2 protein chains.
Amino acid sequence: MLTKSSTELVRQRNSVLVLSVLRRHGALAHTEISDSTGLSSATISAITTELEKAQVIEKSEQQPASGRGRPRVLLRQRRDCGYLIVVIISSDAVQYSLVDYAGKLIDRFSEERSHDPAGAVRFVAAVRAGLLRILDRSKISQEKVLLISISSKGLVNSTEPVLVWSPIFGSEQIDFESALRPEWQAKVILDNETLLVAAALGAREEMVKGADFRSLAALSLGHSVGLGIVRRGNQTGQEISAPNFGHMLHMANGGLCRCGTRGCIEAYAGFYAILRSAFEVPLDTIPAKFVPVAELDKIAAKARQGHRVPAFAFRQAGLALGNGLSRMLSLTERMPIAITGPGTRYYDLLRQGIEEGLGQSHIVRMEGMPEIRVVADEQILVFEGHLNRALSVIDEDIVLSGVQGIQASATVQESG
Amino acid sequence: MLTKSSTELVRQRNSVLVLSVLRRHGALAHTEISDSTGLSSATISAITTELEKAQVIEKSEQQPASGRGRPRVLLRQRRDCGYLIVVIISSDAVQYSLVDYAGKLIDRFSEERSHDPAGAVRFVAAVRAGLLRILDRSKISQEKVLLISISSKGLVNSTEPVLVWSPIFGSEQIDFESALRPEWQAKVILDNETLLVAAALGAREEMVKGADFRSLAALSLGHSVGLGIVRRGNQTGQEISAPNFGHMLHMANGGLCRCGTRGCIEAYAGFYAILRSAFEVPLDTIPAKFVPVAELDKIAAKARQGHRVPAFAFRQAGLALGNGLSRMLSLTERMPIAITGPGTRYYDLLRQGIEEGLGQSHIVRMEGMPEIRVVADEQILVFEGHLNRALSVIDEDIVLSGVQGIQASATVQESG
DNA sequence: CTAAATTTCTCGACTGTCGAGAAAAAAATC
DNA sequence: GATTTTTTTCTCGACAGTCGAGAAATTTAG
């Protein structure tokens with residue numbers, strides 16, 4: 001369904017555009033913004049003075065002029081325009097980060113978290129306490145927090161911040177919106193962790209390749225298996241999705257997965273599955289949910305020494321991943337695949353299986369093997385993805401609803 | 001990457017919007033257009049007078065006023081504004097249709113086509129001849145043909161009209177753009193057949209459900225297996241894709257497919273595959289590419305009488321389809337599935353397998369079985385999809401490039 | 001101290017949308 | 001038949017947005 005367009009919409013979009021280039025390149029001068037947006041200088045003037053009045057951006061102090069001519073006046077976001085809290089939920093801890101509007105980290109701490117599977121209610125309470133704690137430590141007023149951006153492994157509702165399925169709580173849903181609503185006015189968004197990795201990698205890729213960038217998939221290997229896909233939209237930036245890849249069917253009536261279904265990819269490629277396979281435990285018994293990495297390192301060492309059974313376990317994991325990726329490629333388009341997560345340390349053992357699994361499908365035989373690269377530092381990518389996404393959401397919200405209101409209150413302040 | 005917005009863009013979008021409601025609802029009065037677009041009456045006046053000057057739409061003759069008040073002046077597309085040729089390539093024939101700008105069928109004929117596999121070059125020549133023939137029969141000048149919309153089964157390049165892989169010609173690519181360019185100025189687009197079915201069903205669904213419509217998949221069963229997915233875009237109408245579903249990997253090292261790969265879905269669910277399975281021919285021999293439907297009907301009859309082997313063949317086909325669909329759902333979101341094509345006549349035999357295959361995956365166990373409906377009349381849907389897509393492409397092209405130019409030439413005509 | 005270079009800002013022109021009200025035209029009413 | 005009512009279309013002025021050109025500002029080079 002098409003929808004009508006108006007001149008106000010034009011201004012909104014161009015304002016968001018200005019904020020986004022400011023976000024990408026840091027402090028910029030009038031002319032630079034004009035160059036990188038394609039908007040005329042006059043328009044930049046109009047938009048920036050409006051944003052300045054609304055206290056969203058500010059002119060930097062006079063700085064030592066480099067080169068002749070009238071010195072540039074740099075425009076930058078006002079750090080105190082608003083704040084963002086990032087909550088990264090991982091299997092053994094929850095990390096809270098407070099970030100200002102310019103993307104600068106202000107405070108951060110982690111809290112251990114028990115693996116109590118019946119603790120969804122308690123977990124939500126812990127998150128609420130954590131949020132209040134980081135707010136309290138920084139002495140920032142609660143209204144200044146514009147957005148709470150949460151990430152977790154598992155399956156996320158695409159429209160609302162509801163965790164539909166997670167490795168720890170299973171099908172016990174967690175609705176962060178309603179959990180935080182009485183206490184917080186801030187908008188709450190929830191994303192799958194690997195989706196954020198894909199978003200970060202996609203943004204990096206677009207920085208390098210520019211308009212040539214088409215799409216990219218991020219595969220995260222660890223206790224569970226995650227996939228994020230980022231595609232260049234026709235106009236509206238990037239489209240990102242985080243399918244339920246780890247629990248896509250690998251083989252009908254296959255090994256039992258910790259989700260209770262048989263034959264999931266994770267039941268072959270998750271850490272616990274590799275362990276199970278290496279110890280030749282029957283495929284219908286389900287081992288511990290979380291396996292110490294040291295344990296897996298031992299198996300990997302044996303495999304590298306040439307022991308048949310552990311090597312086979314990694315190979316089977318690779319095959320499941322390769323088959324799954326080939327199915328994903330059959331449904332999308334050829335795209336490079338970036339592998340991240342703790343599982344990358346075993347990539348030497350997985351590689352052959354992955355490539356063989358990929359090669360078993362028509363699409364790969366026809367179009368050739370996709371580019372596969374290993375990217376370490378998943379944690380950094382997750383945080384980077386949070387910032388990319390959350391800050392652009394904030395920018396949009398400010399322009400959409402805020403500018404007039406904030407501007408009005410600002411002028412009142414001036415005159416008062 | 002965001003891009004700048006301008007007032008001209010606003011006008012373009014709103015013009016396209018006006019044309020699209022005119023296309024959906026037929027001839028409309030000023031006020032009706034205003035109501036269904038949300039644009040003000042003044043804007044409608046501006047846009048329609050411009051389009052009328054450009055000879056794209058026209059005012060209808062005075063008609064018997066129904067109700068009091070000033071009688072309505074209906075606006076409708078000018079049929080002679082431009083023409084569209086639809087080319088539907090199926091396994092045994094090529095159908096050519098000439099359609100006017102209002103979507104009215106003017107002429108149509110089919111041409112048999114040989115299954116000569118080495119005949120890609122000859123096939124292209126036949127298509128060129130067919131196009132000239134339909135043009136000649138109707139006495140329409142070639143410049144008035146604005147678009148040639150082609151469809152085929154198989155895999156299609158997403159940006160250019162290139163048939164990348166097809167059941168008949170295999171990997172022998174056909175580039176319709178370069179094949180028709182010297183002769184035709186018209187734009188050429190090529191779409192997968194099942195994509196068009198999905199587009200048509202999606203449009204119908206949106207008519208009924210309105211904003212509630214989210215997404216839908218069309219599964220076409222026949223000699224080959226096709227899938228089309230239509231999703232509601234955030235603003236820009238619908239997003240449609242036609243993945244390589246028939247040749248998605250069903251089972252590693254499985255039955256040999258006619259594409260030369262082992263274990264494709266089609267190698268279990270294509271007509272030839274069901275035949276092979278019912279006759280207990282080894283899975284690595286590849287039977288005739290096209291199986292007479294009568295042959296399959298016989299097998300189906302036996303299966304319905306309770307014979308074990310043919311019933312098993314259909315069941316295996318259903319399992320392959322169900323597993324594949326479950327994998328598709330793991331990568332997208334829950335959506336209804338519409339089954340079309342000649343294979344629907346065996347749906348009673350396939351159904352159990354499909355449902356069992358779907359039920360083997362985590363996503364279906366968690367979210368429940370997707371709605372499955374059987375839709376006959378695939379041919380009609382294909383044509384409907386052609387019209388939906390092609391005419392809206394024409395609308396956009398006219399507004400984007402045409403209006404100024406046509407308008408200019410029109411005013412010259414007037415003054416000359 | 002002046003000229004050149006460079007950046008920012010401002011002004012008028014142009015395009016687009018909108019709301020209000022005028023104009024048009026047929027049905028209803030007196 | 002004249003007048004009123006109702007409905008639709010068209011037009012005008014107000015307002016928002018972008019753009020190009022040129023003025024204003026300000027520093028460096030000579």
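Quick note on labels: first sequence line is chain A, next is B, and so on, each numbered from 1. Here the structure is a predicted model, which means the values were calculated and not measured.
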With B for base contact, S for sugar-phosphate-only contact and - for none (protein heavy atoms under 4.0 Å), nucleotides 7-15 of chain C reads BBBB-----
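Remark: A:Arg23 qualifies as a cation-pi partner of A:Tyr101 under the 6.0 Å distance and 45° angle criteria applied to the six-membered ring.
Between the NE2 atom of A:His30 and the OG atom of A:Ser45 there is a distance of 3.5 Å, given to the nearest 0.5 Å. A:His386 NE2 to A:Leu196 CG: the interatomic distance, rounded to the nearest 0.5 Å, is 5.0 Å.
For C:dT17, neither phosphate oxygen OP1 nor OP2 lies less than 4.0 angstrom from any side-chain nitrogen or oxygen of B:Ser40. In this model, the phosphate group of C:dG16 is not approached by any side-chain N or O of B:Asn14 to a distance below 4.0 Å at OP1 or OP2.
No engagement by A:Ile44 is indicated, since no non-hydrogen atom pair under 4.0 Å with the nucleic acid exists.
With respect to B:Glu52 and B:Arg78, no salt bridge is recorded, no charged nitrogen being found less than 4.0 Å from a carboxylate O. A salt bridge links B:Arg72 with B:Glu32; the closest basic N to acidic carboxylate O contact falls under 4.0 Å.
In this entry the distance linking CD of A:Gln12 with P of D:dT18 reads 11 Å, nearest Å. As a whole-Å value, the separation of A:Leu9 CG from D:dG17 C1' is 12 Å. Separating the CD atom of A:Glu50 from the C1' atom of D:dT18 is a distance of 14 Å, rounded to the nearest angstrom. Between B:Ile57 atom CD1 and D:dT9 atom C1' the separation is 14 Å, expressed in whole Å.
Every residue was checked against the side chain to side chain donor-acceptor pair (under 3.5 Å) condition with B:Ser138, not counting sequence neighbours, and none meets it.
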